[in-house]
Amino acid sequence: MARSIGRIFRSFRSLGLTPFTKNQLSQAPACVSFGHSLARSVATFMSSNPRDFSLPNSSWGEDMRRLYDYYNSQCETGAYGGDAKGGLWKRLPSYNRSLKYATGGVYLSKIIQSKARMFTRNIREPGAAFEYVIFVNKEEKRSLCIFQAGHLLEGPPGHVHGGAIATMIDTVTVTHATFLSGLVMTANLNINYCSLIPLGSTVLIESSLDKTEGKKISLSCKVTSTDGTKLHTQATALFVSVSVSHLLGG
């Protein structure tokens with residue numbers, strides 16, 4: 001991989017990609033102009049700033065924005081963009097590829113299965129499917145997700161599909177377990193559905209640590225209305241710590 005990248009950059013240099021004055025550019029041959037266009041394209045390709053889907057967008061409703069502002073105001077300074085000092089919460093970034101969490105991952109995501117996308121982040125239209133942001137509290141060993149369900153997640157008429165709810169429960173709990181213990185995989189997920197969730201509504205998904213036992217991490221999870229008065233779903237989840245080589249099939 002390193003040798004391949006080196007060859008790429010040597011190819012760029014062979015195109016004469018060096019600074020030019022305005023006058024020189026006006027007299028430069030077409031191949032040099034092409035070289036500069038290629039350089040700009042490469043700079044974009046190699047960008048290390050992926051889009052963070054956990055940040056507010058125009059599709060977020062009033063409840064989603066209000067709760068985001070509330071929990072973000074309690075975040076530690078410098079904790080993935082949190083604004084307040086001395087807080088207990090951290091807002092976790094959310095990308096459309098798991099690779100993008102790693103150093104150099106933005107580049108790797110463009111050469112390793114470049115068409116792959118996270119299941120919950122593969123819809124281009126804002127607000128159409130999964131709109132969510134996850135906060136974690138290390139001291140209390142719990143996490144909280146603010147989730148707004150879009151119109152593409154319909155199951156029963158006008159309400160969220162049970163599979164979409166299960167997806168969000170798995171997403172929140174596996175994120176929480178990974179934050180606590182490093183890389184994990186879901187071993188078991190038990191869900192009890194209590195009441196329907198209307199499309200377009202915002203709910204809270206809360207995860208808490210039950211116990212750890214060797215490589216096993218057990219969590220409890222519940223989905224409630226934003227004021228906590230209505231229980232939509234309850235779940236328990238079991239995760240197992242794994243190595244990177246195991247994840248890659250080694």
Side-chain angles (χ1 to χ4, degrees), residues 1-18 30-60 80-81 90-134 136 145 147-153 161 163-164 166-179 182-186 189 239-250:
M1 175 68 72
R3 288 193 295 271
S4 298
I5 294 173
R7 285 196 295 270
I8 291 172
F9 280 104
R10 286 193 293 273
S11 298
F12 295 159
R13 289 196 296 270
S14 71
L15 290 171
L17 304 185
T18 56
C31 63
V32 175
S33 297
F34 168 76
H36 280 279
S37 297
L38 180 59
R40 286 192 295 270
S41 298
V42 170
T44 300
F45 182 82
M46 296 291 287
S47 170
S48 60
N49 298 311
R51 176 186 171 187
D52 185 350
F53 287 81
S54 72
L55 296 174
N57 65 60
S58 60
S59 75
W60 285 19
Y80 303 110
K90 291 185 179 181
R91 177 182 61 81
L92 300 182
S94 181
Y95 308 128
N96 60 8
R97 293 290 306 277
S98 296
L99 282 172
K100 293 182 179 181
Y101 290 93
T103 302
V106 175
Y107 169 69
L108 291 175
S109 71
K110 294 176 181 178
I111 61 174
I112 300 175
Q113 296 185 343
S114 62
K115 293 184 178 180
R117 294 292 182 271
M118 292 283 289
F119 181 55
T120 57
R121 296 302 194 191
N122 65 0
I123 303 297
R124 290 182 178 272
E125 181 185 352
F130 300 94
E131 290 290 340
Y132 64 94
V133 54
I134 300 175
V136 293
C145 171
F147 168 50
Q148 179 180 287
H151 59 273
L152 295 182
L153 302 184
H161 194 287
T167 294
M168 282 307 306
I169 290 173
D170 187 45
T171 297
V172 173
T173 52
V174 75
T175 299
H176 187 193
T178 298
F179 179 81
L183 191 62
V184 299
M185 294 188 71
T186 308
L189 190 62
F239 300 94
V240 178
S241 296
V242 296
S243 64
V244 174
S245 61
H246 177 84
L247 187 65
L248 297 177

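All residue numbers in this chain count up from 1 along the given sequence. Treat the numbers as computed from the prediction; the structure is a model and nothing was measured.
Here the OH atom belonging to Tyr132 is positioned 3.0 Å from the OG1 atom belonging to Thr120, to the nearest 0.5 angstrom. In this structure, OG1 on Thr175 lies 4.0 Å from CD1 on Ile134, to the nearest 0.5 angstrom. Taking NE2 of His176 as the reference point, atom OG1 of Thr171 lies at 14.5 Å (rounded to 0.5 Å). In this structure, the separation between CG on Leu189 and OG1 on Thr173 is 6.0 Å, given to the nearest 0.5 Å. If you take CG on Asp52 and OG on Ser94, they are separated by 6.5 Å, rounding to the nearest 0.5 Å.
Residues passing the ring-ring contact (aromatic ring centres under 6.0 Å, His included) test with Tyr95 are Tyr101, sequence neighbours excluded.
Annotation for Asn57 and Pro126: closest pair OD1-CB, 3.9 Å, computed over non-hydrogen atoms. When every heavy atom of Cys145 is checked against every heavy atom of Val172, the shortest pair comes out as CB-CG2, 3.5 Å. Contact record, Phe239 with Val174: CZ-N, 3.5 Å, taken as the closest heavy-atom pair. Nearest heavy atoms, Ser59 versus Gln148: O-NE2, 3.0 Å. Here the closest heavy-atom approach between residue Ala128 and residue Ile123 is recorded as CB-CG2, 3.9 Å.
Residues Arg51 and Asn96 are not in side-chain contact: their nearest non-hydrogen atoms beyond the backbone lie 4.5 Å or more apart. When side chains are defined from C-beta on, Arg117 does not count as touching Arg124, because their heavy atoms never get closer than 4.5 Å.
Each of Val133, Val136, Thr178 was compared with Leu92 under the side chain to side chain contact (heavy atoms under 4.5 Å, CB included) criterion, and only Val136 meets it.
Glu131 and Trp60 are linked by a side-chain donor-acceptor pair at a separation below 3.5 angstrom, with hydrogens and angles left out of the test.
Between Phe130 and Phe119, the ring-plane angle classifies as tilted under the 30° and 60° cut-offs.
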Apply side chain to side chain contact (heavy atoms under 4.5 Å, CB included) to Lys110 and Arg97, showing your working.
-> CA-CA 10 Å; Lys110 294 176 181 178; Arg97 293 290 306 277; over 6 Å; no
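Looking only at distances, no side-chain donor or acceptor of Ser114 sits under 3.5 Å from a matching main-chain atom of Ile111.
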